[in-house]
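These notes are about the structure you will find just below.
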2 protein chains.
Amino acid sequence: MVKFSKKLEYSLIALRHISISEDKITRVRDISEKYNIPHDLLAKIMQKLKKECILESVQGINGGYRLLKKLSEIPLFDLYSFVESSTSIVECMHDDASDCYVSDNCTIKDPLAKMQDEFENILKTKMVSDFV
Amino acid sequence: MVKFSKKLEYSLIALRHISISEDKITRVRDISEKYNIPHDLLAKIMQKLKKECILESVQGINGGYRLLKKLSEIPLFDLYSFVESSTSIVECMHDDASDCYVSDNCTIKDPLAKMQDEFENILKTKMVSDFV
DNA sequence: TAAAATACGACTGTATTAGTCCTGTTTTAT
DNA sequence: ATAAAACAGGACTAATACAGTCGTATTTTA
């Protein structure tokens, strides 16, 4: 199936919320409660976005997250590749797919690779701000 | 994850094989053996493509499949929607998704719907013959 | 009439996603 | 000081979808 993960959905919802909120710092709990997103799951996504320098965090009792970038400067592709476990639309395009069992007889690889490029280009063109 | 299913890969391989083979009728077994595709799985895919009027079948000891259309007349999107269980890139775009838990607070639906359109347009532009 | 092909529903195995649980670390209000 | 409330993160479980298998029926022809 070709479907985005919940993580990507949650990321978009969370980033949007932070960007339009007046508060300087937003707590994970506020977002998870408002949108019915499991707290622990969202917390991990936020941690990931911190590692990727989209958010910065403040620990402690008054802690939370703050945006490091403008949403208009974050390509959807970045979010996508940070959050999804794989970015290839077919299995044989993984980095370690030297063991394609179809191998010699497979002729669909190149055209599928082109399709993948087109798909990624869409993601690179869109900014997160387009989803707010 | 955003990935095409094996079924779509197998469909492309099979259609390509049939289209370039000299034989008037091609057996499932020939294709499954040549490309190491599980026979029963491929058989079901072929049955599906028959129902969708891409192939026609002949039963019996000398039976097999025959193309009903030119590959250049089959949009990849058709194959995609025949073979994949769902064509929506996010859950909340399913036909029966009236129970979106985010509901009122969700603002990312429209932009994602537009993304889906763009994605589908790529699939509609490509013909199966582009993958041979 | 036996063999070999399609036809097809039911079932099993496996991989990925989604979500939970538990324990730690940090910071601040009291 | 210390308790509370936030982030941090590894390990585990549950749910889902995909991939593949099995058994049986039907059809046709050598």
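Proteins get letters first, then strands, A, B, ... in listed order; numbering begins at 1 in each.
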Distances under 3.5 Å only, N/O to N/O: pair up the protein atoms with those of nucleotides 10-14 of chain C.
{"from": "C:dA10", "atom 1": "N6", "to": "B:K44", "atom 2": "NZ", "distance (Å)": "2.4"}

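The salt bridge (Lys or Arg N to Asp or Glu O under 4.0 Å) check on B:K7 picks up nothing, with sequence neighbours excluded. With sequence neighbours excluded, the residues forming a side chain to side chain contact (heavy atoms under 4.5 Å, CB included) with B:K124 are B:F77, B:E120, B:N121, listed by chain and number. Under the salt bridge (Lys or Arg N to Asp or Glu O under 4.0 Å) criterion, A:D30 pairs with A:R27, sequence neighbours left out. Judged as a salt bridge (Lys or Arg N to Asp or Glu O under 4.0 Å), and not counting sequence neighbours, the contacts of B:E52 are B:K48. A search for salt bridge (Lys or Arg N to Asp or Glu O under 4.0 Å) contacts involving B:R29 returns nothing, not counting sequence neighbours.
When each of D:dA8, C:dT16, D:dT21 is scored by its nearest atom to the side-chain atoms of B:L41, the top-ranked nucleotide is D:dT21. Side-chain atoms of B:H39 lie closest to C:dT6 of the nucleotides D:dC7, C:dT6, C:dA18. Looking at the side chain of B:D40, the nearest of the listed nucleotides C:dA18, C:dC22, D:dT21 is D:dT21. Of all nucleotides listed (D:dC7, C:dA18, C:dG19), C:dG19 comes nearest to the side chain of A:P38.
As a whole-Å value, the separation of B:I31 CD1 from C:dT6 C1' is 13 Å. In this entry the distance linking NZ of A:K3 with C1' of C:dA18 reads 12 Å, nearest Å. For the pair B:L55 CG and C:dA7 C1', the interatomic distance rounds to 14 Å; values are reported in whole Å. In this structure, CD of B:E84 is placed 10 Å from C1' of D:dC18, rounded to the nearest angstrom. Straight-line distance from the CZ atom of A:F4 to the P atom of D:dT16: 22 Å, rounded to whole Å. A straight line from CD1 of B:I45 to C1' of C:dT6 spans 15 Å, rounded to a whole angstrom. A straight line from CD of B:E33 to P of C:dA4 spans 13 Å, rounded to a whole angstrom. Rounded to whole angstrom, the span from the CG atom of A:N36 across to the P atom of C:dT20 amounts to 12 Å.
The two residues B:A14 and B:L42 make their nearest non-hydrogen contact at CB-CD1, 4.1 Å.
Other residues sharing the hydrophobic cluster of A:V58, ordered by chain and number and joined by side-chain separations under 4.5 Å: A:I25.
Among residue pairs with one or both ends in residues 58-74 of chain A, those qualifying as side-chain hydrogen bond (donor to acceptor under 3.5 Å, both in side chains) are A:E56-A:R66; sequence neighbours excluded.
In this pair, B:F4 and B:Y80 present their aromatic rings perpendicular. The plane angle is above 60°, beyond the 30 to 60° band.
Within the structure, every side-chain polar atom (N or O) of B:K6 is placed at least 4.0 Å from both OP1 and OP2 of D:dG20. For the pair A:K50 and D:dA8, the criterion of a side-chain N or O lying under 4.0 Å from OP1 or OP2 is met. The phosphate of D:dA19 (OP1 or OP2) has no side-chain N or O of B:Y10 nearer than 4.0 angstrom. B:S5 has no side-chain polar atom (N or O) that falls below the 4.0 Å cut-off from OP1 or OP2 of D:dA17.
For DNA chain D, the residues of residues 56-66 of chain B within the heavy-atom distance limit of 4.0 Å (strictly under) are B:Q59, B:G60, B:I61, B:N62, sorted by number.
Between the CD1 atom of B:I74 and the CG atom of B:L49 there is a distance of 8.0 Å, given to the nearest 0.5 Å.
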